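Input: a single structure, listed below in C-alpha cells.
Counting convention: from 1, in listed order, for ligands and their atoms alike. Model, not experiment: these values are computed from the prediction.
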Amino acid sequence: MSFEHILVEPQHAPQIALIRLNRPKELNALNLQLMRELRDALKELDNNDEVRVIILTGNERAFAAGADIKEMAGRTTVDMMKIDQFSTWDQIKRTKKPLIAAVSGFALGGGCELVMTCDMIIASESAQFGQPEIKIGVMPGAGGTQRLTRAVGKALAMEIVLTGRFINAEEALRAGLINKIVPTETYLQETVKFAQQIAALSPLAVQLAKEAVLSSFENNLSEGLLFERKNFYMLFSTEDQKEGMAAFVEKRAATFQGK
Ligand code: DAK
C-alpha cells in the first residue's frame, strides 16, 4: 500500500495496524484525496487476517483540523453533490474491525466527525475537539450534529455546534465523548496498549459485538435487541466460543484463532 497523505503500518504492533494522517503543514486537513486513501487503506486492513484492531491517528499538534477549507471554498451545491463525499465516509463507517482514534491536538470539524466515526477515542492531555463550521458560514456535514448529540447530549452539542467553541480532553471525558485521557508524550503507546486488550479476544465475537453496539444508532430498542440476540446465537457456532469457555472452565488463558 502506498499513499501520499497517509502512512499505513499494517503491523505497527502484533495484530495492530496504524494509519497516520499525514499532511502536517495543513494540520492534517482532510482533502478529498486523503479521505479516499483512508477509505482504501481501511478496506485493505479490514480484509487482512493479520490485523485485529486498527488505530487512526494524526500527530501531536493535530489529529485533523477539519475538511480542507481551501479545497472546498469555491464549491457550489452542485459541485458538492457531484463529488458525493458521503460514499467515501459511508465506506469508512462500514469498517468491521474495531477502529480506535488516538487523538492529540486539534480534532475539529470533519476531524471531530472522523474521530466520532471511530469506535473508541483515546485522547492526549492536549486534545481539543470542536465543530467550528459555524464560524466559516456552514454547519457540520459528516455526522457532527447527530453523533455529537448522542455522545454528549443536546445542551453541550448545541453549544459546540452553534458557537464553535472547542472543548478540551477533560471536558470531553466528562461529557462522555472519549474513553480515556493519557499523557501527550505517550498517547500512541497507550492507545496500542488499549488496542492490545481487544486484539487478544475473539475477533469474531469482537466484530459481532461492535455491529450490535452500532445497531443501537440505527434501530429502535426492540429491533436492536433482536439484532443483538442473533449475533449472540451466531457466536455459538465458532471455535472461539468453545475455546473461550473451555479455557475458563480449565482455568487457563484462552487462545482465539478467529474461527
Ligand atoms: N483546511 C485547510 N487548511 C487548514 C485547515 C483546514 N481546515 N486548518 C488549518 N489549516 C492550515 C492553515 O491555513 C495554515 O496554513 P498556512 O497558512 O501555513 O499555509 C496551517 O494549516 C496552520 O494553521 P494555523 O496557522 O491557522 O494554525 P493555528 O495554530 O494558528 O490555528 C486552528 C489552528 C486549528 C485553530 C486553525 O487552523 C483553524 O481554525 N483551522 C480551521 C478549523 C475549521 O474551521 N475546521 C472546520 C472546517 S469545515 C463532509 C465531510 C466533512 C465536512 C463537510 C462535509 N461531507 C461528507 C459532505 C467537514 C467540514 C469541515 O471540517
**Prompt:** Do Phe106 and ligand 1 have an N or O pair less than 3.5 Å apart?
**Reply:** no

**Message:** Taking distance alone, with N or O pairs closer than 3.5 Å, would you say Ile69 contacts ligand 1?
**Reply:**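 Yes; at least one N/O pair falls below 3.5 Å.
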
Can you confirm whether the side chains of [X] and [Y] place a donor and an acceptor under 3.5 Å from each other?
| X | Y | value |
| --- | --- | --- |
| Gln33 | Glu4 | yes |
| Thr76 | Asp79 | yes |
| Gln91 | Arg94 | yes |

**Fill in**
Of Val152, Ile160, Leu156, the one forming a side chain to side chain contact (heavy atoms under 4.5 Å, CB included) with Leu177 is Val152

[atom] within contact range, any protein heavy atom under 4.0 Å:
| atom | value |
| --- | --- |
| atom 10 (N) of ligand 1 | yes |
| atom 30 (O) of ligand 1 | no |
| atom 25 (O) of ligand 1 | no |
| atom 33 (C) of ligand 1 | yes |
| atom 1 (N) of ligand 1 | yes |

Proximal candidate to [atom] [heavy atom criterion; set [options]]:
| atom | options | value |
| --- | --- | --- |
| atom 17 (O) of ligand 1 | Lys70, Met81, Glu26 | Lys70 |
| atom 7 (N) of ligand 1 | Ala67, Gly111, Ala29 | Ala67 |
| atom 45 (N) of ligand 1 | Ala65, Gly109, Ala64, Gly66 | Ala65 |

[X]: numbered ligand 1 atoms lying under 4.0 Å from its heavy atoms:
| X | result |
| --- | --- |
| Gly110 | 58 (C), 60 (C), 61 (O) |
| Pro132 | 43 (C), 44 (O), 45 (N) |
| Lys25 | 20 (C), 21 (O) |

Which protein heavy atom lies closest to [atom], and at what distance to 0.1 Å?
| atom | answer |
| --- | --- |
| atom 50 (C) of ligand 1 | Ala142 CB, 3.4 Å |
| atom 38 (C) of ligand 1 | Leu108 CD1, 4.9 Å |
| atom 37 (O) of ligand 1 | Leu27 CD1, 3.7 Å |
| atom 57 (C) of ligand 1 | Phe86 CZ, 3.3 Å |

**Lys242 atom NZ, over 12 foreign heavy atoms within 6.0 Å** = yes

**Asked** For Met81, does the CE atom sit with more than 12 other heavy atoms under 6.0 Å from it, leaving out its own atoms?
**Response**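 Counting neighbours around CE of Met81, 12 or fewer heavy atoms of other residues, nucleotides or ligands fall under 6.0 Å, so no.
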
Can you name the closest pair of heavy atoms from [X] and [Y] and give their distance?
| X | Y | result |
| --- | --- | --- |
| Leu208 | Asn231 | O-ND2, 3.0 Å |
| Glu113 | Gly141 | OE2-N, 3.3 Å |
| Gly258 | Asp240 | N-OD2, 3.0 Å |

**Prompt:** Side chain or backbone of Arg61 under 4.0 Å from ligand 1, or both, or neither, by non-hydrogen atoms?
**Reply:** side chain

**Request:** Please state which part of Thr88 comes within less than 4.0 Å of ligand 1, counting heavy atoms only: side chain, backbone, both or neither.
**Result:**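 Under 4.0 Å from ligand 1, Thr88 contributes no heavy atoms.
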
**Request:** Go through the steps to decide whether Ile54 and Ile100 satisfy the test side chain to side chain contact (heavy atoms under 4.5 Å, CB included), and finish with yes or no.
**Result:** CA-CA 6 Å; Ile54 305 166; Ile100 304 179; over 6 Å; no

**Message:** Let me confirm one number: the CD-OG distance from Glu228 to Ser215, rounded to the nearest 0.5 Å.
**Reply:**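 Spacing of CD (Glu228) from OG (Ser215) equals 8.0 Å.
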
**Prompt:** For ligand 1, is Met80 a contact, meaning one of its heavy atoms is under 4.0 Å away?
**Reply:**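 Contact absent.
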
**Message:** With side chain to side chain contact (heavy atoms under 4.5 Å, CB included) as the criterion, how do Ser124 and Ile181 come out once you've worked through the C-alpha distance, each side chain's angles and the decisive distance to 0.1 Å?
**Reply:** CA-CA 5 Å; Ser124 86; Ile181 305 176; over 6 Å; no

